[in-house]
Amino acid sequence: NWNDDLGNNGSQYIAPITFTYNKGNFDLGLRTAYINSSLDGVITFDGQKVGTRKGDVSTISDTSLTFAYTLKNLSTPIRFNLDFNLPTGKATLVGSEKNAIMDGSLVQQTRFGEGLNIAPGIGITYPLSKRDVIGAGFSYIFKGKFDPNGDVVNDEITPGDEAVATLQYQHTGQNMLFIGG
C-alpha cells in the first residue's frame, strides 16, 4: 500500500504459486502468481486537480517454466538453464485497467503479462572458503511480441531482446547470511 501528498494511493497484493522438483543434477521449476493491483489517483494541471483516475486488475501472472542441469562433479560447478515465460497473464489491458500499472519503485509488478520469452543461460559458482562463495552468470532473453493496449488496433510491440550478466558474493555466518550482487 502507498499514498502521496497529492491524494494518490495504490495497492498491490501478490500471492506466489511455486513448484520445484530436483533429482540429481536436474531441476524443474514452475512459478506463477495471483496479482491484485489497484490505483485511486488524481489528475493535476498547473497544481490544480482536474480529474480522477482509477484502475483495478486482478489476474494470474505469466507462468515461468525453468529447466536446469548442473555439472556438480567439477571443481567449479556449472549450471545450464532454459527458462520460458509462458503468456498466461493479462498482457492486454483495456480502458481504466491501464491505470493499475504503477511505477516499479512503488510496486513489485509493473506488467501483468507479456509475450512468450525464452532465456537460455549459464552460471558458475566458486567456493572461496567454507563460508564464502562467488558466482557469475549470463543469460540471453529472446522476448516475444504482445499487445499491451486493447483500446488500439494493431499496436503489438516487440520489446527487444535482453542480455543479463550477474556477479554475486555470498557469506554465511553463524547467525546470518550476506548476499551482494
S.K.: Tell me whether L74 shares a hydrophobic cluster with F80, the cluster being built from Ile, Leu, Val, Met, Phe, Trp, Tyr side chains joined at under 4.5 Å.
M.R.: yes
S.K.: Please assess S129 against D132 for the test side chain to side chain donor-acceptor pair (under 3.5 Å), listing each intermediate value before the final yes or no.
M.R.: CA-CA 5 Å; S129 69; D132 298 289; 2.8 Å; yes
S.K.: Check whether any side-chain N or O of T125 sits under 3.5 Å from a backbone N or O of G135 as a donor-acceptor pair, and report yes or no.
M.R.: no
S.K.: Hey, can you tell me if F26 and F67 have their rings parallel, tilted or perpendicular (30° and 60° cut-offs)?
M.R.: tilted
S.K.: Take N25 and T70 through the side chain to side chain donor-acceptor pair (under 3.5 Å) test and state the conclusion after the steps.
M.R.: CA-CA 5 Å; N25 295 359; T70 305; over 6 Å; no
S.K.: Report the hydrophobic cluster partners of I60, with the cluster defined as I, L, V, M, F, W, Y residues connected by side-chain heavy atoms closer than 4.5 angstrom, directly or transitively.
M.R.: Y34
S.K.: Quick one: does any side-chain atom of S139 pair with a main-chain N or O of A119 as donor and acceptor, under 3.5 Å?
M.R.: no
S.K.: Under 3.5 Å, is there a donor-acceptor pair between the side chain of K49 and the main chain of L6?
M.R.: no
S.K.: Is the backbone of K143 close enough, under 3.5 Å, to the side chain of D161 for a donor and an acceptor to pair up by distance?
M.R.: yes
S.K.: Write down the atom of M176, the atom of H171, and the distance for their closest heavy-atom approach.
M.R.: CE-CD2, 3.6 Å
S.K.: For the backbone of T88 and the side chain of T63, can you confirm whether one donor and one acceptor N or O come within less than 3.5 Å of each other?
M.R.: no
S.K.: Given a cutoff of under 4.5 Å between side-chain heavy atoms of I, L, V, M, F, W and Y, with clusters grown through shared members, what are the other residues clustered with F146?
M.R.: I157
S.K.: Side-chain heavy atoms under 4.5 angstrom apart, residues restricted to Ile, Leu, Val, Met, Phe, Trp, Tyr: same cluster for L30 and L28?
M.R.: yes
S.K.: Which residues satisfy the side-chain contact (heavy atoms from CB on, under 4.5 Å) test with D46, sequence neighbours excluded?
M.R.: none
S.K.: How close do D62 and G115 get, counting heavy atoms only, and between which atoms?
M.R.: OD2-O, 4.4 Å
S.K.: Any donor and acceptor pair, going by atom type alone, linking the side chain of N1 with main-chain N or O of S11 inside 3.5 Å?
M.R.: no
